[in-house]
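A short worksheet on the structure shown next.
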Amino acid sequence: MPELPEVEVVRRGLADHVAGRRIATVTVAHPRAIRRHAAGAADFTGRLAGRLVGAVRRRGKYLWLELADAAQDAPQPGDDAVLAHLGMSGQMLVADHGKPDEKHLRVRVTFDDDGPELRFVDQRTFGGLSAHPLAPAAGGGLLPAPVAHIARDPMDPAFVLDDAVAGIRRRRTGLKRALLDQTVVSGIGNIYADEALWRARLHWARPTESLTRAQGRAVLTAAAEVMDEALAQGGTSFDALYVNVNGASGYFDRSLAVYGQTDRACPRCGTPIRREAFMNRSSFSCPRCQPRPRNAHP
DNA sequence: CGGGAAGCCTGGGCGC
DNA sequence: TGCGCCCAGGCTTCCC
C-alpha cells in the first residue's frame with residue numbers, strides 16, 4: 001500500500017520523467033478517478049491541455065504537479081496544479097505509446113514531445129486525480145485546497161518533531177489512531193504505524209493522554225527512521241519507464257518486523273507476533289515488547 | 001468541534 | 001469447479 005515512502009518514490013519518478021514537458025491531451029477513461037474534481041471531466045482535461053508541467057511536490061501521501069505556461073514562470077497563487085492521491089492501489093506509470101493499456105487504466109496524459117505518456121492506473125479506485133488552484137498556506141508555501149489541512153510529514157525539512165508530539169498528546173484517543181490522523185502528522189499508514197510502535201515498544205491502544213513526551217518523540221522518530229529505510233530500498237526498484245508503485249512497499253516487505261508477520265518470531269525477543277482487530281482491520285505487534293496497557297483506549 | 005464509524009472499491013484467497 | 005465470503009485499507013462524509 002502506498003504510504004509516504006512509496007509516494008515519494010513516485011514523486012521522484014515524475015520529477016525525472018514528466019517535469020518540464022508540455023501536456024498535449026488528457027483522456028479520462030473512468031470518471032470515478034476524477035470524482036474529486038467537482039467541475040467534471042471536461043473541465044479537468046481542459047485545465048491540463050497545453051500546460052507545461054513544473055515542479056512535482058508532495059505532502060504526506062498527496063502529490064501534485066504544478067502547471068505553468070512557460071518554463072521560466074514561477075508558481076503564483078491561483079495557478080493550477082494537478083493533485084494526485086494513490087489511495088490503496090493507484091499507480092503512476094510512464095509508458096511508451098505502443099504499450100497495451102492496463103486493465104485498470106483510468107487517465108491517460110500525452111505530451112507534445114511524443115515521448116512516453118503518463119498513465120494513472122488504479123484497480124480499486126480509492127485514489128484519483130483533480131485540478132486545483134494553488135493558495136498560500138498558513139505555514140508558508142503554496143498548496144492545493146485539499147492539502148491545506150494535511151500536516152507536514154517527517155521528511156519535510158520544516159517538520160518540527162516536538163510540535164507533532166504536542167499534537168499527538170493533545171488528542172484524546174488511542175496512539176495508533178493519532179499516528180494515522182493526517183492532520184497531526186502525515187504520511188503514516190497502517191504498515192509504518194505498526195512498525196514505528198514496535199520500534200518504540202508501545203501498544204497501539206495506548207491512550208494519548210498518558211503518553212510521555214519522550215515516548216511521543218520515540219514513536220515519531222521511529223516512524224521517520226523506518227520510512228527513511230523503506231525509501232532507501234524502494235528507490236532502488238524503479239527503472240526509466242516505470243514510476244514505481246507496485247502495490248506493496250517495494251522491497252521493504254522483507255524488512256518488516258511485525259506488519260503481516262502473524263505467528264512469526266519477534267525479531268527482538270522471539271515471541272510470536274500477534275494480530276488484533278483494529279478499526280475493522282488489523283494491528284500487528286509483539287505481546288512481550290508491546291504489552292497491552294491496563295488503560296487501553298477502546 | 002472533536003472523535004468515531006460507515007461507505008467507497010475490486011481481486012486474491014479460502015472454505016465448502 | 002464454482003460460488004460466496006472475507007480481507008486489504010486511506011479518506012470523505014456523516015452522526016453524536
Side-chain angles (χ1 to χ4, degrees), chain A residues 1-8 10-11 28-38 58-64 83-92 102-107 120-130 132 143-151 153 166-197 204-211 223 227 230 245-250 252-253 256 258-263 273-284 295-298:
Chain A
M1 310 306 156
E3 299 182 30
L4 190 156
E6 293 75 32
V7 179
E8 174 60 15
V10 173
R11 190 200 66 76
V28 176
H30 194 308
R32 185 172 157 77
I34 58 153
R35 68 191 179 285
R36 292 192 184 93
H37 190 83
R58 182 189 57 72
R59 175 170 289 191
K61 303 170 199 172
Y62 282 93
L63 58 87
W64 62 96
L83 181 66
H85 197 291
L86 302 176
M88 305 269 312
S89 54
Q91 296 175 294
M92 290 288 210
E102 291 76 11
K103 182 177 178 186
H104 301 293
L105 174 66
R106 308 304 190 196
V107 179
F120 178 69
V121 176
D122 190 8
Q123 176 205 114
R124 276 172 273 190
T125 61
F126 274 31
L129 306 182
S130 49
H132 308 270
L143 300 178
V147 184
H149 69 289
I150 302 295
D153 61 72
I168 287 177
R169 296 177 77 240
R170 267 197 301 273
R171 296 290 310 276
R172 289 296 174 263
T173 185
L175 177 54
K176 184 169 171 179
R177 282 182 185 271
L179 291 174
L180 296 177
D181 185 338
Q182 305 296 301
T183 68
V184 176
V185 54
S186 69
I188 302 174
N190 204 36
I191 297 172
Y192 297 112
D194 279 3
E195 294 297 310
L197 289 163
W204 54 266
R206 175 62 179 270
T208 49
E209 58 259 48
S210 71
L211 194 75
M227 291 194 291
V245 170
N246 56 16
S249 38
F252 194 69
D253 56 342
L256 295 173
V258 289
Y259 182 83
Q261 308 299 307
T262 309
D263 295 334
I273 297 301
R274 75 184 151 198
R275 173 186 160 189
E276 296 170 288
F278 167 79
M279 291 170 69
N280 279 332
R281 41 193 71 111
S282 299
S283 271
F284 301 90
N295 56 350
H297 193 278

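Owing to the predicted nature of the structure, the values given are computational and were not obtained by experimental measurement. Note on naming: letters A, B, ... go to the chains in the order of the sequence lines (proteins, then strands), and numbering restarts at 1 for each one.
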Worked verdict on A:K61 versus A:D153 for salt bridge (Lys or Arg N to Asp or Glu O under 4.0 Å): CA-CA 9 Å; A:K61 303 170 199 172; A:D153 61 72; over 6 Å; no

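Distances shown here put every side-chain N or O of A:R171 at or beyond 4.0 Å from the OP1 or OP2 atom of B:dG2. Contact between the side-chain N/O atoms of A:R177 and the OP1/OP2 oxygens of B:dA5 is found at a separation under 4.0 Å. Proximity of A:T173 to the phosphate of B:dG4: a side-chain N or O atom is located under 4.0 Å from OP1 or OP2. Proximity of A:S282 to the phosphate of C:dA8: a side-chain N or O atom is located under 4.0 Å from OP1 or OP2.
Using a distance-only test at 3.5 Å, with no hydrogens or angles considered, no donor-acceptor pair links the side chain of A:R124 to the main chain of A:S89. A:E3 places a side-chain N or O within 3.5 Å of a backbone atom of A:Y192 that can act as its donor or acceptor partner. In this structure a side-chain-to-backbone donor-acceptor pair under 3.5 Å is missing from A:R274 to A:T262. Judged by distance alone, the side chain of A:Q91 and the main-chain N or O of A:D122 form no donor-acceptor pair under 3.5 Å. At least one donor-acceptor pair closer than 3.5 Å links the side chain of A:Q182 to the backbone N or O of A:I188. Between the A:E102 side chain and the A:V121 main chain, no donor and acceptor come within less than 3.5 Å of each other. A donor-acceptor pair is defined here as one N or O able to donate and one able to accept, closer than 3.5 Å; such a pair exists between the side chain of A:T208 and the backbone of A:R171.
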Nucleotide-resolved protein contact map, nucleotides 10-16 of chain C, B/S/- at heavy-atom distance under 4.0 Å: BSS----

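Residue whose closest nucleotide on DNA chain B sits further toward the 5' end, between A:N280 and A:R170: A:R170.
Put simply, CD on A:E276 is 15 Å from P on C:dC7, counting in whole angstrom units. As rounded to whole Å, 15 Å separates atom C1' of C:dA8 from atom CD of A:Q261. Spacing between atom CD of A:E209 and atom P of B:dG3 amounts to 10 Å, rounded to whole angstrom units.
In terms of the salt bridge (Lys or Arg N to Asp or Glu O under 4.0 Å) criterion, A:R169 has no residue partners (sequence neighbours excluded).
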Using atom names, set out every protein N or O paired with an N or O of nucleotides 10-14 of chain B below 3.5 Å, distance rounded to 0.1 Å.
from: B:dG11; atom 1: OP1; to: A:K103; atom 2: NZ; distance (Å): 3.4
from: B:dG11; atom 1: OP1; to: A:H104; atom 2: NE2; distance (Å): 3.1
from: B:dG11; atom 1: O4'; to: A:Q123; atom 2: OE1; distance (Å): 3.4

